[in-house]
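The sequence lines fix the lettering, A, B, ..., with proteins before strands; numbering per chain opens at 1.
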Amino acid sequence: SQQGEEDPQALSIQEGENATMNCSYKTSINNLQWYRQNSGRGLVHLILIRSNEREKHSGRLRVTLDTSKKSSSLLITASRAADTASYFCATPKAAGNKLTFGGGTRVLVKP
Amino acid sequence: DGGITQSPKYLFRKEGQNVTLSCEQNLNHDAMYWYRQDPGQGLRLIYYSQIVNDFQKGDIAEGYSVSREKKESFPLTVTSAQKNPTAFYLCASGQGRDNSPLHFGNGTRLTVT
């Protein structure tokens, strides 16, 4: 089974609304990363949150991390049609920064 | 313009043939990775390399082989032993340290018939 699991699997919202997706993981981590993937393209790194951080912001993105619950959330505020993509959380599996990815949340932002 | 280049973007092969996917990076990264992505799924690690002339199996290495003769290059061969090779293949590179992000290429979509 995968280390990270996103929820929901799919999300459809109107432009301007906020989008929230969650990630749960199983083992202890020293960081958690979020990536975006546009259809048919590679993944793009969005944000990395370390295990000693509880919240981090980057532009319209807000990430939280609760290590006691082994969960993280990604909030996209004031969504735009260009935010339509799949979003993945990833956690390092062992030394060497081998990342394990969840199944992703597919976000559709309707204009 | 730094980045990772995967080629070709689309690849078609007959069953039973080996095929090699190219991955080149000019980011001066020590570590490189190959992932497989099936439709609507997450990524699964095939092989990774933390340094030139060294590589390790990931979670789904059976039916695949790699080489790392140069820092910039990490080609992946999909052999005829891979039972279900049709997939989207993503190459990534990174500094190989914890707390460092991965940089991905734009993938190669392999179709085997």
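- In this structure, A:Q9 places its CD atom where only 12 or fewer heavy-atom neighbours from other residues, nucleotides or ligands lie under 6.0 Å away.
- Residue A:F101 holds its CZ atom at 5.0 Å from OH of B:Y35, rounded to the nearest 0.5 Å.
- Heavy-atom contacts from other residues, nucleotides or ligands closer than 6.0 Å to NZ of B:K9 number more than 12.
- With chain B as the partner, the residue from A:A10, A:A90, A:G40 showing the most heavy-atom pairs under 4.5 Å is A:G40.
- Proximity to chain B (any heavy atom under 4.5 Å) is shown, for A:L43, by both the backbone and the side chain.
- Under the 4.5 Å side-chain heavy-atom criterion for Ile, Leu, Val, Met, Phe, Trp and Tyr, B:L21 and B:M32 are members of the same hydrophobic cluster.
- For A:Q14, the CD atom is densely surrounded, since the number of other residues' heavy atoms within 6.0 Å is greater than 12.
- At most 12 heavy atoms of other shown residues, nucleotides or ligands fall within 6.0 angstrom of atom CZ in A:R80.
- Proximity to chain A (any heavy atom under 4.5 Å) is restricted, for B:Q37, to the side chain, taken from C-beta onward.
- A:L75 CG: more than 12 foreign heavy atoms inside a 6.0 Å radius.
- The environment of A:R50 atom CZ is sparse: at most 12 non-hydrogen atoms of other residues, nucleotides or ligands sit within 6.0 angstrom.
- To the nearest 0.5 Å, atoms CD (A:Q37) and CZ (B:F88) are separated by 6.0 Å.
- B:D30 does not touch chain A: none of its heavy atoms, backbone or side chain, sits under 4.5 Å away.
- Taken to the nearest 0.5 Å, the CG atom of A:N31 stands 8.0 Å off from the OG atom of B:S100.
- No donor-acceptor pair closer than 3.5 Å links the side chain of B:N106 to the backbone N or O of A:R41.
- Your options are B:D59, B:L45, B:L102, B:L90, and the one with the most heavy-atom pairs under 4.5 Å with chain A is B:L102.
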